[in-house]
Amino acid sequence: HLGAAGAALATVSAQAFSTIFAALMLKKHNFGFTILKQDFSLDKKILKDITKVGLPIALQDGFIQISFIIITIIANSRGLIFAASVGIVEKFIGFLFLVPSAMLSAISAIAAQNYGARKKDRARIFLRYALSLALIFGGIMCLLCQIFPQTFVGIFTKEVPVIKAGALYLMSYATDCIFAGIHFVFSGYFCGIGKSGISFIHNIISITKILQKLIKKKK
């Protein structure tokens, strides 16, 4: 009976347990390397390389979350029904995005490995395969969401007004399964070859356009 505080406590506890468990596994099993105290000292060159790739990715994810916050604010300002329908559809779309997210991680690792092995052509071949898979999956999911929108939203609620509003939102949002899938694959590829700044610039342009539209709407 802790409510929101209980959910927060459970989340933090799970992360803490995961960290402790990973540390124990590293200590117990031989993975071919050891972690010593001196390993935590900073190497400027390595830190620079990590920051060069990691900082744009971190900022990119931050801007994406800001975009979702803006969507939530807009939905909440339109009443309980719209807020509930948006919340449901966001969760459902988040489930569908597990596949594009997996493609992002996969192409990032594969591109990095092949670039490191000086096999750039093979990395591009994997990029084409990943794009094809993302397009096929996104197209199928988009089509299903156009045909059965109320069925999908009805999984989470039985309130008719919420289902109707959520179905409309899902039908328009479902096209993002295609475009986001393509974007995720390209983003993973650029991150894998150490050019995460390209993906970062794309997201900067996107969120800037969203903010401009919101400012014009308020005026």
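The structure displayed is predicted, hence computed values, not measured ones. Along the sequence shown, the residues carry numbers beginning at 1.
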Closer than 3.5 angstrom, by distance alone: can the side chain of Ser101 be matched with the main-chain N or O of Leu98 as a donor-acceptor pair?
no
Does any N or O in the side chain of Gln146 come within less than 3.5 Å of the main-chain N or O of Met171, such that one atom is a donor and the other an acceptor?
yes
Identify the heavy atoms of Cys177 and Leu96 that sit nearest to each other, and give their distance.
SG-CD1, 3.8 Å
Would you call Ile74 and Phe82 a side-chain contact if the rule is heavy atoms closer than 4.5 Å?
no
Non-hydrogen side-chain atoms of Thr72 and Val86 separated by less than 4.5 Å
no
How about Tyr173: does its OH atom have over 12 heavy atoms from other parts shown lying under 6.0 Å from it?
yes
Pairwise distance CG(Leu135) to SG(Cys142) - rounded to 0.5 angstrom:
11.5 Å
To the nearest 0.5 Å, atom CD1 of Ile73 lies from atom CD1 of Ile69 at 7.0 Å
Show the nearest heavy-atom pair for residues Phe97 and Ala180, with the distance to one decimal.
CZ-CB, 3.6 Å
CE (Met103) and OG (Ser108) are apart, to the nearest 0.5 Å, by 12.0 Å
Please name the pair of heavy atoms, one in Leu170 and one in Val153, separated by the smallest distance, quoted to 0.1 Å.
CD2-CG2, 4.2 Å
Between Asp49 and Lys52, does the salt bridge (charged side-chain N to carboxylate O under 4.0 Å, His left out) criterion hold? Intermediate values first, please.
CA-CA 5 Å; Asp49 291 339; Lys52 183 180 177 181; over 6 Å; no
Does the side chain of Phe137 reach to within under 4.5 Å of the side chain of Met141, using non-hydrogen atoms?
yes
pair Gln15-Val12: side-chain heavy atoms closer than 4.5 Å
no
Are Tyr189 and Arg124 close enough that some pair of their side-chain heavy atoms sits under 4.5 Å apart?
yes
Looking at Arg128, is its backbone amide N or carbonyl O close enough to the side chain of Ser132 to form a donor-acceptor pair, meaning the two atoms are under 3.5 Å apart?
yes
Are the side chains of Cys145 and Phe152 in touch, meaning some heavy atoms are under 4.5 Å apart?
yes
CD (Glu90) with more than 12 external heavy atoms under 6.0 Å:
yes
Please check: side-chain N/O of Ser13 versus main-chain N/O of Leu9, any donor-acceptor pairing under 3.5 Å?
yes
Between Ser172 and Tyr169 (side chain of the first, backbone of the second, donor and acceptor by atom type, cut-off under 3.5 Å), is there such a pair?
yes
State which residue, out of Leu104, Leu133, Leu131, fulfils the side chain to side chain contact (heavy atoms under 4.5 Å, CB included) condition with Val185.
Leu131
Considering only heavy atoms from C-beta outward, does the side chain of Ile107 approach that of Phe126 to under 4.5 Å?
yes
Could you check whether any side-chain heavy atom of Ile93 comes within less than 4.5 Å of a side-chain heavy atom of Asp176, counting everything from C-beta outward?
no
